[in-house]
Protein chains: 2
Amino acid sequence: MHNPLYRNVIARITEKLESGEWRANQVIPSEWRLAEQFRVSIGTIRRAVDELVAGRLLVRHQGRGTFVAAHTEDHYRYHFFRLVDAAGTRLYPAVQLQGFRRARADAAEAARLQLKRGAPVVRIVNLLRLEGAPAVLDRITLPAALFPGLTRAMFERRSGTIYHLYQERFGVSVIRAVERLRATAAGRAETRALGVSPGSPLLEIERLAYTYRNRPVELRVSRAHTARYSYLSEIGKSDT
Amino acid sequence: MHNPLYRNVIARITEKLESGEWRANQVIPSEWRLAEQFRVSIGTIRRAVDELVAGRLLVRHQGRGTFVAAHTEDHYRYHFFRLVDAAGTRLYPAVQLQGFRRARADAAEAARLQLKRGAPVVRIVNLLRLEGAPAVLDRITLPAALFPGLTRAMFERRSGTIYHLYQERFGVSVIRAVERLRATAAGRAETRALGVSPGSPLLEIERLAYTYRNRPVELRVSRAHTARYSYLSEIGKSDT
DNA sequence: AAGTGGTCTAGACCACCAT
DNA sequence: TGGTGGTCTAGACCACTTA
């Protein structure tokens, strides 16, 4: 009723993205064509696309067209990784697979991933190096249903980010994440993997990553050694 | 040269905010009047105001007008405080002043606040309670030049947030902040103030708060006990 | 040169708020 | 009832890319 037209357009475009009719890195129809197709004015199309661009679902390139955002793009690489060095420059980690197991969701995983307890999941452990040195230990839990045929080799022979892998091989586009941070003490696993002394303080980052329609697709608990690096959080800027 | 008109409008509106010609909580002229005054179309005014609203400098109220954002507003209370409980609900702290001293900027303070080393500053220590229990120890450094006549009593008899105090008494509007998070071990001060055992892990949040034109106005180092609370960070959402 | 997104305008109508 | 912001339209012109 009081739904503005541009919301409707946003919903219809989102459907095309979700269904895979428009795929990552592809051009979508020009604004002129969209206006014709959706029977609205170009201004309304622009309003809708503006919001989708702000939400990082689409990317505009003047003179070329509007594209479906992909995890191959540079700005996306750093979008979900927030550790910086003392000077504040963003870093990107080298990932090393340490564990890959199929299991059944425990209570915490089930609650966060909106699964039934005991639902099949995949648990992955990654060691992240920054500037060569071990810095972060990641424990990832994925709903197996969303990643059929996922194998250890896919992680080992991966090129690009992990989210790029999700997108390319399984059509799962991570578009949003919520992270909760707290301080913890290093346990046995972290002591060994990160080379820190037992009980030394680590930054714990619990991330829930979402795809379209607020569907959770990944739970990730990272423990980071923050002697030389810190987690950057900006408040009140439109974006990066 | 290639500067779009609406950028110009943004700059001119920002000047009015910065100079104090338009004050917090006041209505600004209607879009119609602004268009007339700035000699541009209403569409261009809307484009400019859209961005300023997105950046939280202005607030629109349909039927009433457009207002200068103030730290009295509810959404602003939580904008700069990101600790949540286990259920994810945002909390607001009770602040208790523990220290107030005038001093000279050390090297780190000077660098971050863009002051000369030895410039006069005010150092404030606050204890923050969440749900009655001590949870965070804040160490704040302010450039004395920006806060003339600041007294201990102003902090003690404060109503509203600290940023509201800056805005009301000194015309300093905090509009943006950059935070760096790491894990540290509790020192003597934290052990006493927060009631934790020495060496236990704490979340350290180093915040630099900015006003217009990217001028830093506050350095704050918080140490938080995150057994029951965590720091919430959202990636890829327009805003709260 | 043709096609795309980016800016700017002018005007109509609606929803909401104060009075 | 009059004024405000919110939505939608139609069209002009500019800037950039590709061929």
Side-chain angles (χ1 to χ4, degrees), chain A residues 1-14 16-17 22-70 73-75 238-239, chain B residues 1-14 16-17 22-70 73-75 238-239:
Chain A
M1 173 68 134
H2 298 324
N3 271 1
L5 240 189
Y6 70 85
R7 291 228 173 275
N8 191 299
V9 172
I10 289 174
R12 289 164 81 179
I13 293 179
T14 303
K16 305 227 182 216
L17 296 173
W22 295 345
R23 291 171 185 284
N25 271 323
Q26 283 183 352
V27 212
I28 72 171
S30 72
E31 297 177 345
W32 181 83
R33 223 169 274 277
L34 286 176
E36 192 186 39
Q37 185 178 334
F38 290 162
R39 307 276 187 157
V40 300
S41 78
I42 274 198
T44 301
I45 293 293
R46 283 194 63 81
R47 180 69 155 39
V49 171
D50 277 349
E51 297 213 6
L52 293 165
V53 166
R56 302 239 190 196
L57 302 190
L58 298 176
V59 179
R60 282 204 254 243
H61 292 290
Q62 188 176 14
R64 295 205 288 134
T66 303
F67 298 75
V68 181
E73 292 178 50
D74 246 29
H75 70 263
S238 351
D239 225 16
Chain B
M1 174 74 129
H2 297 325
N3 271 1
L5 241 189
Y6 69 85
R7 290 226 174 277
N8 191 297
V9 173
I10 289 174
R12 288 163 81 181
I13 293 179
T14 304
K16 306 228 182 217
L17 297 173
W22 295 345
R23 293 172 184 284
N25 272 322
Q26 284 183 350
V27 212
I28 72 171
S30 74
E31 297 178 344
W32 180 84
R33 221 170 277 276
L34 286 176
E36 192 186 39
Q37 184 179 335
F38 290 162
R39 308 275 187 156
V40 300
S41 78
I42 274 197
T44 301
I45 293 293
R46 282 193 64 80
R47 178 73 198 274
V49 172
D50 276 350
E51 298 213 5
L52 293 166
V53 166
R56 302 241 189 192
L57 302 190
L58 297 176
V59 178
R60 281 205 254 244
H61 292 291
Q62 189 176 12
R64 296 206 285 135
T66 302
F67 298 75
V68 180
E73 293 178 51
D74 245 30
H75 71 263
S238 351
D239 228 17

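On a predicted model such as this, the values are computed, not experimentally measured, just so you know.
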Counting side-chain heavy atoms from CB outward, which of [options] is closest to [X]?
X: B/Arg64; options: C/dA18, C/dG5, D/dT7; result: C/dA18
X: B/Gln62; options: D/dC16, D/dT9, C/dC16; result: C/dC16
X: B/Leu5; options: D/dG6, D/dC8, C/dC8; result: C/dC8
X: A/Arg46; options: D/dT7, C/dG5, D/dG6; result: C/dG5
X: A/Arg33; options: C/dT4, D/dG6, D/dT9; result: C/dT4
X: B/Glu31; options: D/dT9, C/dC8, D/dG6; result: D/dG6
X: B/Pro4; options: D/dG6, D/dC8, C/dC8; result: C/dC8
X: B/Arg60; options: C/dT9, C/dG6, D/dG6; result: D/dG6

Nearest nucleotide by nearest heavy atom, which residue falls closer to the 5' end of DNA chain D, A/Thr44 or A/Gly63? A/Thr44

Roughly, in whole Å, what's the span from [atom1] in [X] to [atom2] in [N]?
X: A/His61; N: C/dG3; atom1: NE2; atom2: C1'; answer: 16 Å
X: A/Ile45; N: C/dG6; atom1: CD1; atom2: P; answer: 14 Å
X: B/Trp32; N: C/dT9; atom1: CH2; atom2: P; answer: 16 Å
X: A/Arg39; N: D/dT9; atom1: CZ; atom2: C1'; answer: 16 Å
X: A/Ile28; N: C/dG3; atom1: CD1; atom2: P; answer: 18 Å
X: A/Asn8; N: D/dT9; atom1: CG; atom2: C1'; answer: 17 Å
X: A/Arg7; N: D/dG6; atom1: CZ; atom2: P; answer: 12 Å
X: B/Phe67; N: D/dT4; atom1: CZ; atom2: P; answer: 11 Å

For the residue pair A/Phe67 and A/Asn25, establish whether any side-chain heavy-atom pair is separated by less than 4.5 Å. no

Would you find a donor on one side and an acceptor on the other, under 3.5 Å apart, between the side chain of B/Glu51 and the backbone of B/Ala48? no

Respond yes when some side-chain nitrogen or oxygen of A/Tyr6 is under 4.0 Å from OP1 or OP2 of D/dT7, and no when none is. yes

Tell me whether the OP1 or OP2 atom of C/dT4 has a side-chain N or O from A/Ser30 closer than 4.0 Å. yes

Could you check whether A/Arg56 pairs with A/Glu73 (Lys NZ or Arg NE/NH1/NH2 to Asp/Glu carboxylate O, under 4.0 Å)? no

In Å and rounded to the nearest 0.5 Å, what is the CD1 to CZ distance from B/Ile45 to B/Arg33? 13.0 Å

Which atoms form the tightest heavy-atom contact between A/Val59 and A/His61, and what is the distance? CG1-NE2, 3.5 Å

Counting neighbours of CZ on B/Arg12 that are heavy atoms of other residues, nucleotides or ligands and sit closer than 6.0 Å, is the number greater than 12? yes

Students often get this wrong, so: under 4.0 angstrom with heavy atoms, is B/Arg47 touching a base, only sugar-phosphate, or nothing? sugar-phosphate

Indicate, with a heavy-atom threshold strictly under 4.0 Å, whether B/Val49 touches base, sugar-phosphate, or nothing. nothing

